[in-house]
Q: 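One structure, as structure tokens, below. Some questions next.
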Amino acid sequence: MTKASTAGTKTVLVCGGAGYIGSHMCKALARRGYAPVVYDNLSTGHGHAVKWGPLVVGDLLDPATLALAFATYRIDAVMHFAARSIVSESVRDPASYYRDNVVGTLNLLDAMRRAGVHQLVFSSSAAVYGCPAYTPIDEAHPCQPITPYGWSKRAAESAIEAYCKAYALSAASLRYFNAAGADADGEIGEEHDPETHLIPNIVAAALSGSEVRIFGDDYPTPDGTCVRDYVHVEDLCDAHLLALDHLSSAPGWHVFNLGSGSGHSVGEVLAACRARCNGAPDAAVVARREGDPAILVAGNAAARTQLRWEPRRSLTECVDSALRWHGRAQ
Ligand code: UDP
């Protein structure tokens with residue numbers, strides 16, 4: 001039986017709630033009347049991003065602290081964002097990726113079982129698909145990851161699916177395409193160190209007067225630069241709330257792609273920023289980055305029809321909110 005928290009308020013353990021997407025999720029949960037409790041080792045997350053509930057500083061590799069978190073708070077459901085997520089790092093250091101992303105998830109699943117918590121929303125990635133065989137990529141696309149990061153997410157998904165079948169867990173795996181943008185109020189945003197993602201790099205270059213690198217302009221795309229599906233972080237949070245609701249009415253295992261359904265090239269993202277920043281930043285085309293497919297765009301019909309999710313925020317809003325956040329944080 002799921003333990004209840006204080007009457008009417010559902011308590012959600014947000015693993016990785018001090019990170020980029022997790023912190024936005026906590027704000028969205030609090031707004032919707034949930035009580036978020038953050039579990040985070042602060043290795044890449046930030047204590048200052050935890051504003052909407054208590055913070056338990058702990059590692060998923062530490063089952064005792066994890067058990068204590070479940071014993072201290074009467075958790076109704078879990079959202080799991082805690083992971084390593086730099087693709088190139090995963091190639092150099094696969095051990096850390098399998099340990100944190102796979103073993104960490106197993107520890108979480110076992111802690112949930114012991115605590116009698118039966119609902120999980122899991123942060124997965126389009127990286128589980130590998131090189132696209134067709135586009136847009138729907139959930140039926142074969143999963144053939146090409147990096148340890150992608151494999152670690154796929155392995156975690158596979159464990160979660162098995163726990164759903166064997167142990168009456170209900171879970172939704174949400175496969176993000178390119179998460180982007182920041183909180184509309186400017187309270188939180190993307191704060192990675194090192195930063196590898198396109199939009200924060202373009203925005204930081206525009207604000208600092210430096211040059212951004214473009215990794216290849218000889219791809220088979222209209223302007224030669226890679227096409228990606230940028231989805232606003234607040235749209236992602238909306239999908240998580242809908243997925244959590246969905247688990248109550250449709251128990252079991254679910255997979256949903258989360259992307260806007262539209263692709264934008266690196267050149268278009270650059271142009272969107274330049275339109276706001278008097279032509280900045282300058283850009284230099286450099287060699288292709290290893291492992292970058294030319295085009296990644298989500299088929300998002302499943303989330304639209306089954307969750308009634310509507311990604312509402314445009315690429316311009318991703319760039320504008322990132323500019324507001326990075327401008328403020330400077
Ligand atoms: N990219 C780039 N310069 C940067 C960062 C990224 O040209 O400083 C390109 C990258 O090669 C890819 C796209 O921008 O084609 C999106 O990369 P990002 O790292 O943001 O997300 P990914 O698609 O790898 O998850």
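These numbers were taken from a predicted model, which means no experiment stands behind them. For ligands, and for the atoms within them, numbers begin at 1 and follow the listed sequence.
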Q: Which ILVMFWY residues can you reach from V227 by hopping between side chains whose heavy atoms are under 4.5 Å apart?
A: I295, V297

Q: Tell me, with the steps shown, if R175 and Y129 meet side chain to side chain donor-acceptor pair (under 3.5 Å).
A: CA-CA 10 Å; R175 295 175 176 166; Y129 294 115; 2.9 Å; yes

Q: Do E157 and K153 sit within salt-bridge range, that is, some charged N less than 4.0 Å from a carboxylate O?
A: no

Q: Write down, by chain and number, every protein residue that brings a non-hydrogen atom to less than 4.0 Å from an atom of ligand 1.
A: N178, T196, H197, L198, N201, R213, I214, F215, C226, R228, Y230, V266, R289, D292

Q: Return the set of residues passing ring pair (Phe, Tyr, Trp, His ring centres under 6.0 Å) with Y230 (not counting sequence neighbours), or none when no residue passes.
A: none

Q: Is there side-chain contact between F215 and V286, with at least one heavy-atom pair below 4.5 Å?
A: yes

Q: For R289, what residues pass the salt bridge (charged side-chain N to carboxylate O under 4.0 Å, His left out) criterion, not counting sequence neighbours?
A: D292

